[in-house]
Engineer: 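Please see the structure below; I have some questions.
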Amino acid sequence: MRRIAGSARYFRSALRHRKFDYWSSFTTRPKDLIENYHNCAYGVANNAEIGSFLRSKFMVSRALSTDAAASASIGEVHRAAAGPLVEYERRIIAGELLDGDVCQLGTLGELQRLYDELVESADACKLDRYSSSEKSGRSRWLWSRLLPQSSYSPVKGLYLYGGVGTGKTMLMDLFFYQLPCNWRRKRIHFHDFMLNVHSRLQKHKGVSDPLEVVAGEISDEAILLCLDEFMVTDVADALILNRLFRHLFSNGVILVSTSNRAPDNLYERGLQRDLFLPFISTLKERCVVHEIGSSVDYRKMTSAQQGFYFVGKDSSEVMKRKFRDLIGEHEAGPQEVEVVMGRKLQVPLGANGCAYFEFEELCDKPLGAADYFGLFKIFHTLALEGIPIFGLHNRTAAYRFVTLVDVMYENRARLLCTAEGSPFQLFNKIVTISDAQQMAPRTSSRSMRNDEADLCVDNELGFAKDRTISRLTEMNSKEYLEQHAAMLAAKQLS
């Protein structure tokens with residue numbers, strides 16, 4: 001533990017002299033379940049492995065000068081005790097974070113660099129909400145017609161991408177919750193953000209450029225915008241992103257985002273992607289792009305536990321009994337949930353914060369993120385019966401299920417379900433183009449036809465499935481369920 005904390009101090013000290021060429025990063029497991037319920041459950045095998053990894057893999061660039069290292073005293077570190085790196089060190093010492101992994105120190109260093117630049121340029125970036133302009137988005141738009149001007153931030157944002165379960169959301173949250181409360185800042189899931197954008201566009205119909213008005217409203221509320229799980233699958237989103245973010249960046253907005261995809265791979269093979277490509281250039285121009293190079297999925301390192309995930313057609317009654325246990329003395333009945341723009345979602349059975357659906361009712365109907373967000377604003381637990389094996393025949397349902405799991409995970413909801421297979425088996429027939437090209441040929445044409453009859457080759461879904469498998473695994477772990485229970489307890493006390 002002292003070795004890890006010492007490494008973090010050393011890294012922070014060297015970073016202050018801007019002569020540290022860092023490599024790799026960290027991932028941790030939070031102990032405080034109520035205060036930091038956005039964080040995931042992470043861990044590594046043991047401290048001996050960490051020590052071995054530190055000795056063999058932690059590399060300091062030759063560019064690090066001896067003089068700079070010597071001049072960075074521990075006193076300097078403590079005088080500058082602010083930001084995500086210092087908070088990480090504090091949590092390790094306090095025992096709030098159990099383990100450390102230097103595989104993500106590089107990412108933490110990028111976040112600390114951004115934090116330092118923001119603090120230094122807070123006035124220039126107009127981050128203080130109490131000293132900023134109070135013009136509304138529409139007023140801003142009217143003034144921009146008379147006096148055209150742009151005000152790009154002097155600080156570039158940060159786009160973090162990497163494999164599933166590598167700690168992207170936890171790292172961004174660690175950064176976000178260290179920012180001063182008086183700053184114009186916002187942390188939101190990308191699905192929720194785009195729903196909010198479309199809702200605002202409806203409100204400003206008739207304006208010559210409603211996207212500019214919406215961008216004005218958003219930038220009035222938040223100059224620092226943290227978007228989790230940046231993923232573009234909807235053509236309607238793809239076609240407006242470039243113009244929207246051009247206006248946002250012109251208004252001084254700084255973007256911090258996490259994603260499973262590199263910028264160049266966003267909306268890959270999507271409809272009318274040529275109209276989306278300018279957004280990628282805009283994104284790379286206004287953000288530092290950083291890959292989290294860890295190949296470890298820490299969600300799968302939670303305690304192995306079946307939880308409420310039941311496999312097999314005979315498990316329906318078992319899940320129904322669990323559902324009845326959770327609602328207690330309450331009587332389940334049909335309910336109605338309001339979603340965005342006047343839409344309503346019918347809940348077949350609901351009681352005591354628990355909702356019961358057949359899979360077809362949530363994923364075979366034309367529903368989307370807006371409906372799911374509306375559902376989990378009211379319900380904290382979903383009982384879902386009959387999740388099928390996904391393939392070419394039900395690809396659309398697979399997309400909806402991926403979105404459903406994303407929204408559940410963002411809301412830290414609890415899942416009870418029956419399924420035809422394990423999380424991995426559900427998506428076994430969903431592959432990327434690269435996976436399909438590397439599949440070994442069968443010796444028999446008949447066996448090849450049988451294997452590939454329902455094979456779904458879809459790049460976007462092929463990448464998204466790894467995230468869904470990872471999240472389903474964690475959502476049924478002991479740690480996640482304890483975290484859910486702590487969150488419910490905190491809500492009851494408030």
Side-chain angles (χ1 to χ4, degrees), residues 189-192 194-195 229 231-237 307-313 315-316 319-320 323 334-340 343-350 354-411 413-431 454-458 460-476:
H189 192 276
F190 180 73
H191 279 316
D192 210 3
M194 290 310 300
L195 288 171
E229 297 291 354
M231 180 180 68
V232 186
T233 58
D234 189 294
V235 64
D237 292 345
F308 299 110
Y309 189 107
F310 305 105
V311 177
K313 296 179 180 179
S315 55
S316 176
M319 189 187 73
K320 287 177 181 176
F323 179 77
Q335 295 191 26
E336 193 174 66
V337 172
E338 290 188 8
V339 293
V340 296
R343 290 171 54 188
K344 293 184 178 179
L345 176 66
Q346 303 300 321
V347 180
L349 290 174
C354 303
Y356 190 99
F357 282 86
E358 297 280 346
F359 177 84
E360 293 79 6
E361 293 169 322
L362 270 187
C363 298
D364 273 345
K365 291 182 178 180
L367 302 177
D371 304 283
Y372 303 146
F373 272 109
L375 179 66
F376 292 108
K377 282 179 182 176
I378 306 298
F379 297 97
H380 56 71
T381 298
L382 171 66
L384 188 63
E385 184 164 356
I387 305 172
I389 300 291
F390 297 112
L392 186 61
H393 74 287
N394 59 0
R395 175 168 60 180
T396 303
Y399 265 108
R400 292 196 187 105
F401 181 66
V402 165
T403 302
L404 174 65
V405 172
D406 282 346
V407 174
M408 288 192 70
Y409 191 83
E410 175 68 11
N411 285 274
R414 177 172 51 191
L415 175 67
L416 287 75
C417 68
T418 62
E420 291 183 2
S422 67
F424 178 80
Q425 291 168 335
L426 294 182
F427 290 93
N428 202 31
K429 294 180 180 179
I430 307 290
V431 297
D454 197 32
L455 191 69
C456 176
V457 182
D458 186 313
E460 205 62 52
L461 194 56
F463 279 102
K465 76 170 187 178
D466 291 334
R467 181 177 72 252
T468 306
I469 292 168
S470 172
R471 289 183 165 180
L472 285 172
T473 302
E474 186 191 346
M475 287 166 71
N476 283 279

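Nothing fancy with the numbering, it's 1 onward along the sequence. Note that the structure is predicted; figures quoted are calculated from it, not measured.
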Engineer: Can you sort out the partners of Ser422 under side-chain hydrogen bond (donor to acceptor under 3.5 Å, both in side chains), two or more places apart, ordered by chain and number?
Structural biologist: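 Result, side-chain hydrogen bond (donor to acceptor under 3.5 Å, both in side chains) vs Ser422: Gln425.
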
Engineer: Could you list the residues that satisfy ring pair (Phe, Tyr, Trp, His ring centres under 6.0 Å) with Phe190, not counting sequence neighbours?
Structural biologist: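 Residues passing ring pair (Phe, Tyr, Trp, His ring centres under 6.0 Å) with Phe190: Phe230.
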
Engineer: Going by salt bridge (Lys or Arg N to Asp or Glu O under 4.0 Å), name the pairs with one or both residues in residues 378-391, residues two or more places apart or in two chains.
Structural biologist: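 Every candidate salt bridge (Lys or Arg N to Asp or Glu O under 4.0 Å) pair involving residues 378-391 fails, so no pair, neighbours aside, qualifies.
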
Engineer: Which residues pass the side-chain hydrogen bond (donor to acceptor under 3.5 Å, both in side chains) test with Asp406, not counting sequence neighbours?
Structural biologist: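 Arg467, Arg471.
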
Engineer: If I take atom OG1 from residue Thr381 and atom CG from residue Leu415, how far apart are they, to the nearest 0.5 angstrom?
Structural biologist: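 The distance works out to 9.0 Å.
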
Engineer: Supply the atom-to-atom distance Ser315 OG to Phe308 CZ, rounded to the nearest 0.5 angstrom.
Structural biologist: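 Rounded to the nearest 0.5 Å, the OG-CZ separation comes out at 14.0 Å.
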
Engineer: If you take all heavy atoms of Arg414 and Met408, which pair is closest and at what distance?
Structural biologist: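 Minimum heavy-atom separation between Arg414 and Met408: O-CE, 3.4 Å.
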
Engineer: Distance from Gln335 atom CD to Leu345 atom CG, nearest 0.5 Å?
Structural biologist: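 Separation between the atoms: 11.0 Å.
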
Engineer: Which pairs would a plain distance check flag for residues 359-370, meaning a side-chain donor or acceptor within less than 3.5 Å of a matching protein atom at least two apart in sequence or in another chain?
Structural biologist:
from: Glu361; atom 1: OE1; to: Glu358; atom 2: N; distance (Å): 2.8

Engineer: Who pairs with Asp192 by salt bridge (Lys or Arg N to Asp or Glu O under 4.0 Å), at least two apart in sequence or on another chain?
Structural biologist: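 Residues passing salt bridge (Lys or Arg N to Asp or Glu O under 4.0 Å) with Asp192: none at all.
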
Engineer: What's the separation between atom CG in Leu426 and atom CZ in Phe424, rounded to the nearest 0.5 Å?
Structural biologist: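 Atom-to-atom, Leu426:CG and Phe424:CZ are 10.5 Å apart.
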
Engineer: If we only count heavy atoms from C-beta on, is the Val402 to Phe427 side-chain gap below 4.5 Å?
Structural biologist: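 Yes, side chains in contact.
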
Engineer: Per the side-chain contact (heavy atoms from CB on, under 4.5 Å) rule, which among Glu410, His191, His189 passes with Glu229?
Structural biologist: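 The passing option is His189.
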
Engineer: Can you tell me how far CG of Asn411 sits from NZ of Lys377, rounded to the nearest 0.5 angstrom?
Structural biologist: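 Spacing of NZ (Lys377) from CG (Asn411) equals 9.0 Å.
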
Engineer: Which residues pass the ring pair (Phe, Tyr, Trp, His ring centres under 6.0 Å) test with Phe323, sequence neighbours left out?
Structural biologist: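 For Phe323, the residues satisfying ring pair (Phe, Tyr, Trp, His ring centres under 6.0 Å) (neighbours in sequence not counted) are Tyr356.
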
Engineer: Please list, chain by chain and in numerical order, all residues satisfying side-chain hydrogen bond (donor to acceptor under 3.5 Å, both in side chains) with Thr468, sequence neighbours excluded.
Structural biologist: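 In terms of side-chain hydrogen bond (donor to acceptor under 3.5 Å, both in side chains), with neighbours along the sequence ignored, Thr468 is linked to no residue.
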
Engineer: Show every donor-acceptor pair shorter than 3.5 Å between a side-chain atom in residues 387-396 and any protein atom, with sequence neighbours excluded, or say none if there are none.
Structural biologist:
from: His393; atom 1: ND1; to: Asp454; atom 2: OD1; distance (Å): 3.2
from: His393; atom 1: ND1; to: Asp454; atom 2: OD2; distance (Å): 2.8
from: Asn394; atom 1: OD1; to: Gly391; atom 2: N; distance (Å): 2.7
from: Asn394; atom 1: ND2; to: Ile389; atom 2: O; distance (Å): 3.2

